[in-house]
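Note sheet for the following structure.
Quick caveat, the model's predicted, so the values are computed rather than measured.
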Amino acid sequence: YPKTKKVEAAIESYKKAIQLNNQNDGAHNNLGVAYSKTKKFEAAIESYKKAIQLNDQNFEAHNNLGFAYLNTGKFDNAIQLFKKAIELNDQNFEVQYNLGVAYSKTKKFEAAIEPYKKAIALNNQNFEVQYNLGVAYLNTGKFEEAIESYKKAIQLNNQNDGAHNNLGVAYLNTKKIEAAIELFEKAIQLNDQNFEAHKNLGVAYLETKQFDKAIQTLTVATELNNQDFDAHFKLGLAYFKNSEFEKAVEPYNRAIELNDQNFGAHFNLGWTYSSINRFDKAIPHFEKAVSLNPQSLITHTDLAHAYLQSGNHQAAQKQLFIKEYLTASTKKDPEFFLTLENNKKLDAILEFIPHDTRVSDTQDSTMLTWLLMTLIQKAQQEKNTTCPAYRILMALLEKLNFTQRNYKYIRNQATTVTFIDSLCCTVMDFRKNFLKVGSHTTGAARPDEQKPLLTPEKREEKHLDMQ
């Protein structure tokens, strides 16, 4: 009989045996094994459960049930079963290895390391466990340890392209670029359809400024997988660094098709269009980059340059005002508010603030909070409604609708209220004191229909060669 027919025959035999004696945990376990061999994992699960119900000390049933859960995507259940099996027998290679796999499936790579190491202590000649331990080390940033694991894996199987590729990744992360290149090339030699190896080799060529080779390799990578954002992004970068700006446009556009919310892709495509004097094309991508990362100084600068080259001097000036605001806020320049007497500058910043508005729970965590507090302190010192600090503060409060009505909303947006209380009370007390006299109400309108303060995400500065 073919092998599958023998397994089916075994299933029928175990079913008959169970009919004769349904209290035998071994028979239920073996029936589960037969079901597993034919990929009938749900049926196998029921058999293993019955075996454990009959004998909760049955090591094989616990391990096998964990394996069935592993194959049906129930990884947390698998982890619990493997742990129980290890309590019954911690000297079994398979169960230690299986626990490591289950942890890896749930991205708990740090937890996976220990069972993989225990499995290796029980059997150091198994390729898969060495390989998987390397994966766990890579994903926890332990690159030197990953190098040792993959070296051992390659000693056990030097024809595995994945092991060569992953060892190359570990070398790449430890700046051993030339060694990484050799391994990626070896992986491709073993399997010329290995997309990851082509992409990684392209990245290594970029690192060593071998742009022609990077372009050639990354082009192959995009042909092998046209749905990978990173491959198209890196290909665009390779063309750009090789001063082939026209050719960089297509891969960057494709990268944006795959992920139109990526700051780096829009920023880089804006640079690319600017490099060929297509500022009309550059502007929408710089604008998108600004919307994705409002605090990026270099993006505001480049957008201003693109506006200027397109003849839109007013828009260019506005971006430079915003850049000045971001720079001064970062440096905590206490005199910055005086420059806001320039109405165009104030208007530009007020227009920008809704994208930047964020009240947080620490005094120096947000630029807007710093600006408000600086203006309040200066206005309190001056005690004069005609002083620049007062007029600018009133304009900001009107823009932000900082009223008693939305005070509760603002408090609810913070993870803690200590500093929020301080800020809100300071603003409300300030307004109360200054608004006692009717002449002090100039510019202090409080339209209730305006939106309250919002809370955007933190953004980090990104550069040309980053995603």
Side-chain angles (χ1 to χ4, degrees), residues 199 202-203 206-207 209 211 214-215 218-219 221-222 226-327 329-330 344-345 348-349 351-356 367 456-467:
K199 184 174 74 171
V203 171
L206 271 173
E207 291 283 334
K209 303 186 186 306
F211 302 127
I215 289 167
L218 289 166
T219 298
T222 58
N226 193 41
Q227 300 301 309
D228 187 83
F229 166 86
D230 193 43
H232 290 282
F233 182 92
K234 295 297 186 185
L235 178 56
L237 183 60
Y239 276 126
F240 185 93
K241 287 184 174 289
N242 209 36
S243 299
E244 298 181 66
F245 304 119
E246 293 279 2
K247 292 182 179 180
V249 169
E250 183 179 346
Y252 276 139
N253 270 319
R254 177 58 181 156
I256 289 170
E257 286 177 9
L258 294 167
N259 181 5
D260 68 352
Q261 297 302 301
N262 185 274
F263 165 80
H266 285 286
F267 178 76
N268 286 10
L269 185 52
W271 261 32
T272 301
Y273 278 129
S274 293
S275 299
I276 54 178
N277 298 320
R278 291 299 308 274
F279 298 105
D280 59 323
K281 295 279 191 180
I283 287 170
H285 292 287
F286 282 136
E287 288 176 337
K288 181 66 174 180
V290 163
S291 73
L292 292 169
N293 188 357
Q295 297 181 26
S296 170
L297 296 176
I298 190 172
T299 311
H300 288 288
T301 302
D302 291 331
L303 178 55
H305 176 71
Y307 279 138
L308 189 63
Q309 293 299 316
S310 298
N312 192 339
H313 297 272
Q314 184 176 356
Q317 187 179 53
K318 183 184 294 185
Q319 291 303 313
L320 293 176
F321 285 154
I322 293 170
K323 178 193 174 184
E324 186 179 352
Y325 162 63
L326 292 170
T327 303
S329 300
T330 302
K344 289 184 178 179
K345 183 181 292 189
I349 292 170
E351 184 178 337
F352 173 73
I353 279 175
H355 302 289
D356 178 54
M367 293 177 291
E457 300 175 358
K458 285 185 178 180
R459 304 290 185 185
E460 295 182 358
E461 184 72 19
K462 295 187 186 268
H463 304 285
L464 178 65
D465 57 351
M466 295 182 68
Q467 300 183 79

Using side chain to side chain contact (heavy atoms under 4.5 Å, CB included), reason through K199 and T222 one step at a time and then give a plain yes or no.
CA-CA 8 Å; K199 184 174 74 171; T222 58; over 6 Å; no
Yes or no on side chain to side chain contact (heavy atoms under 4.5 Å, CB included) for Q314 and N312, after CA distance, side-chain angles and deciding distance?
-> CA-CA 6 Å; Q314 184 176 356; N312 192 339; 4.1 Å; yes
- Can you list the steps and then say if S274 with D302 is a side chain to side chain contact (heavy atoms under 4.5 Å, CB included)? CA-CA 9 Å; S274 293; D302 291 331; over 6 Å; no
Set out, in order, the CA-CA distance, both residues' side-chain angles and the distance that settles side chain to side chain contact (heavy atoms under 4.5 Å, CB included) for L308 and H313, then state yes or no.
CA-CA 5 Å; L308 189 63; H313 297 272; 3.1 Å; yes
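Taken from CD1 in I283 to CD in Q309, the straight-line distance is 10.0 Å, to the nearest 0.5 Å. Atom CG of D228 and atom CZ of F233 lie 12.5 Å apart (nearest 0.5 Å). Considering CG of L297 and CD of E324, their distance stands at 11.5 Å, rounded to 0.5 Å. Going from atom OH of Y252 over to atom CH2 of W271 covers 10.0 Å, rounded to the nearest 0.5 Å. To the nearest 0.5 Å, the span separating NZ on K281 from OG1 on T272 amounts to 13.5 Å. The CG atom of L326 sits 9.5 Å away from the CD atom of Q319 when rounded to the nearest 0.5 Å.
With sequence neighbours left out, the salt bridge (charged side-chain N to carboxylate O under 4.0 Å, His left out) criterion links K247 to E244. N277 meets the side-chain contact (heavy atoms from CB on, under 4.5 Å) test with F279; sequence neighbours excluded. Residues passing the side-chain contact (heavy atoms from CB on, under 4.5 Å) test with A289, sequence neighbours excluded: F263, H266, F267, T299.
Side-chain atoms of H300 come within 3.5 Å of backbone atoms of P294 as a donor-acceptor pair (strictly under, hydrogens ignored). Side chain of R254 to main chain of G236: no donor-acceptor pair is present (N/O by atom type, distance under 3.5 Å, no hydrogens or angles).
Contact check for N268 versus F240: no side-chain heavy atoms found under the 4.5 Å cut-off.
The nearest pair of heavy atoms linking D280 to S310 is N-OG, 4.2 Å. Contact between A238 and L206 at its shortest, heavy atoms only, is CA-CD2, 3.6 Å. The shortest non-hydrogen separation linking V290 to L303 is CG2-CD2, 4.0 Å. Contact between F286 and G270 at its shortest, heavy atoms only, is CZ-C, 3.3 Å.
Counting non-hydrogen atoms of neighbouring residues, nucleotides and ligands closer than 6.0 angstrom, the CD atom of E257 exceeds 12 such neighbours.
Taking the six-membered ring for Trp and the full ring otherwise, the centers of F245 and Y239 sit at least 6.0 Å from each other.
Here the rule is side chain to side chain contact (heavy atoms under 4.5 Å, CB included) with H232, and of N226, I256, L237 only N226 fits it.
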